[in-house]
Amino acid sequence: MSTKDYLEKDYYKTLGVAKTAKPAEIKASYRKLARKYHPDANKGDTGAEEKFKEISEAYSVLSDEKQRKEYDEARSMFGGGFRVPTGSRTGGGGFNFDLGDLFGGAGDASGGLGDLFGTVFNRGGNRTTAQNRPRRGADVETETTLGFGDAIDGTTVALRLTGEGACPTCRGTGAKAGTVPRVCPSCGGTGQSSRNLGSFGISEPCKDCRGRGLVVDDPCPACTGSGRAMSSRTIQTRIPAGVSDNQRIKIAGKGAPGERGGPAGDLYVRVHVKPHPVFGRSGSDLTVSVPVTYPELALGAEVKVPSLRGAPVTVRIPPGTQNGTKFRVAGKGVRRKDGSTGSLIVTVDVKVPKDLNGKARSAVEDLREATAGQDPREDLLERAKEA
Ligand SMILES: [Zn+2]
Ligand SMILES: [Zn+2]
């Protein structure tokens with residue numbers, strides 16, 4: 001027995017009994033009617049045969065305690081006598097969900113009746129309105145701040161997301177606890193009303209239900225009947241290795257939940273990376289500035305340089321190295337998506353002593369004397385005039 005039958009057929013009326021009739025009354029009435037319309041007693045009368053079938057169908061439902069209960073619930077939920085919008089006009093019987101669908105979802109905190117009603121009314125083919133169509137959830141943007149090393153290695157962060165979703169109190173129906181929305185009597189649940197303008201008609205969203213197809217008599221106090229509510233949730237999200245400061249990461253399907261069976265939106269996470277006291281980042285390269293002395297650059301040296309992960313590395317500075325020269329240490333940078341690793345870029349930075357002791361001072365003075373003929377600014381003034 002389909003729900004369509006349940007909603008369109010008044011079995012009590014068929015059997016001529018009250019909705020409150022006791023099983024014995026139903027049985028008695030059925031027997032009386034069955035005898036009257038039995039095909040054997042009405043040979044050749046197709047009307048009687050049809051009537052007999054209707055009586056049998058009604059009795060089969062109402063005589064079964066469980067089925068009768070489902071029937072009563074289905075009808076009270078949809079206001080009874082409600083004409084299912086499957087329509088002879090659409091030509092297709094698109095309305096064939098069963099009671100398992102109908103009641104199965106109602107106990108589920110996340111799904112609930114909001115989605116259910118959406119599904120029901122989307123079966124109506126061309127009656128679907130923008131409001132009734134499944135809607136993809138909104139994209140959500142949030143921010144997180146990562147430690148320098150976590151950004152390089154990847155990490156899992158807890159993100160607190162606030163957004164609009166189905167009201168948890170009424171599970172999106174907009175109706176007060178213990179009640180359910182009623183099918184809009186103005187549009188019969190289609191969400192659309194038609195107006196005839198001379199020779200043609202126009203269809204517009206139903207004013208009484210604002211296109212929803214349902215009206216709420218007792219609004220949910222939490223959402224004042226809108227069925228929507230702001231809520232926050234915390235999700236654990238994996239941030240991939242190698243993200244940089246201010247990067248926007250897309251996490252598919254973690255945005256706001258969809259409506260009426262629509263897919264969830266995407267979550268975008270704007271990542272901020274805390275600076276490191278020593279290292280910097282340039283794409284997949286790490287950078288470090290290493291203080292050196294003038295003699296180390298002039299005479300050459302081997303200097304120990306820290307690496308972010310693991311032991312320090314030794315960088316060989318050749319004699320005559322200029323200040324600011326960059327050295328590349330392969331494989332000590334940030335791991336890339338393809339599995340390769342960037343470099344550590346070492347920049348030498350001469351530190352000039354503020355106080356020279358006696359011996360060092362005289363050595364520098366000797367150096368000045370020994371290099372007196374070399375003028376580093378020899379052609380600077382001339383070159384400044386060019387171009
Ligand atoms: Zn309406
Ligand atoms: Zn609510």
Side-chain angles (χ1 to χ4, degrees), residues 97 101-102 104-146 150-151 154-175 180-181 189-192 205-206 209-214 216 219-220 222-273 337:
F97 70 102
D101 292 339
L102 187 56
D108 177 353
S110 63
L113 291 169
D115 294 339
L116 174 67
F117 284 120
T119 312
V120 170
F121 293 108
N122 282 332
R123 305 284 174 91
N126 61 358
R127 277 178 190 75
T128 307
T129 66
Q131 288 90 342
N132 285 339
R133 212 171 288 146
R135 207 170 76 182
R136 183 179 172 276
D139 290 340
V140 174
E141 180 147 354
T142 188
E143 293 181 310
T144 191
T145 300
L146 304 180
D150 285 343
T155 185
T156 299
V157 294
L159 297 174
R160 192 173 160 84
L161 305 176
T162 304
E164 199 190 57
C167 168
T169 306
C170 61
R171 292 195 294 260
T173 65
V180 288
T190 62
Q192 297 215 324
C206 170
C209 63
R210 290 196 211 93
R212 202 181 163 208
L214 297 168
V216 171
C220 163
C223 63
T224 64
S226 71
R228 313 291 296 164
M230 293 301 284
S231 61
S232 69
R233 62 201 161 108
T234 301
I235 62 164
Q236 299 290 324
T237 304
R238 181 77 197 159
I239 304 291
V243 295
S244 17
D245 187 37
N246 221 22
Q247 191 176 329
R248 199 162 168 258
I249 303 165
K250 177 182 169 179
I251 298 163
K254 293 286 185 183
E259 286 177 55
R260 290 175 285 277
D266 298 325
L267 170 63
Y268 290 91
V269 183
R270 175 82 58 187
V271 173
H272 303 288
V273 181
K337 269 193 190 146

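Residues take their numbers from the sequence shown, with the count starting at 1. Owing to the predicted nature of the structure, the values given are computational and were not obtained by experimental measurement.
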Checklist entry - Among all residues two or more places apart in sequence or in another chain, which pass the side chain to side chain donor-acceptor pair (under 3.5 Å) test with T145? => result none

Side-chain contact, heavy-atom cut-off 4.5 Å: [X] with [Y]?
X	Y	result
Y268	T142	no
R270	N246	yes
C206	Q192	no
T237	T156	no
L214	C209	no
P181	V216	yes
L146	I239	yes
V269	V157	no

Looking at every heavy atom in both [X] and [Y], which two are closest together, and how far apart are they?
X	Y	answer
A229	C167	CB-CA, 3.6 Å
C223	G174	SG-CA, 4.2 Å
Q236	A158	NE2-CB, 3.5 Å
A222	T169	CB-OG1, 3.3 Å

Checklist entry - Mind checking what makes side chain to side chain contact (heavy atoms under 4.5 Å, CB included) contact with S244, not counting sequence neighbours? => result Q247, R281

Item to check | Verdict with supporting geometry, T234 and L161, side chain to side chain contact (heavy atoms under 4.5 Å, CB included) | outcome: CA-CA 6 Å; T234 301; L161 305 176; over 6 Å; no

Checklist entry - With sequence neighbours left out, which residue pairs that include part of residues 240-252 fulfil the salt bridge (Lys or Arg N to Asp or Glu O under 4.0 Å) condition? => result E141-R248, K250-D266

Checklist entry - Which value, rounded to the nearest 0.5 Å, describes the distance between E143 atom CD and L159 atom CG? => result 11.0 Å

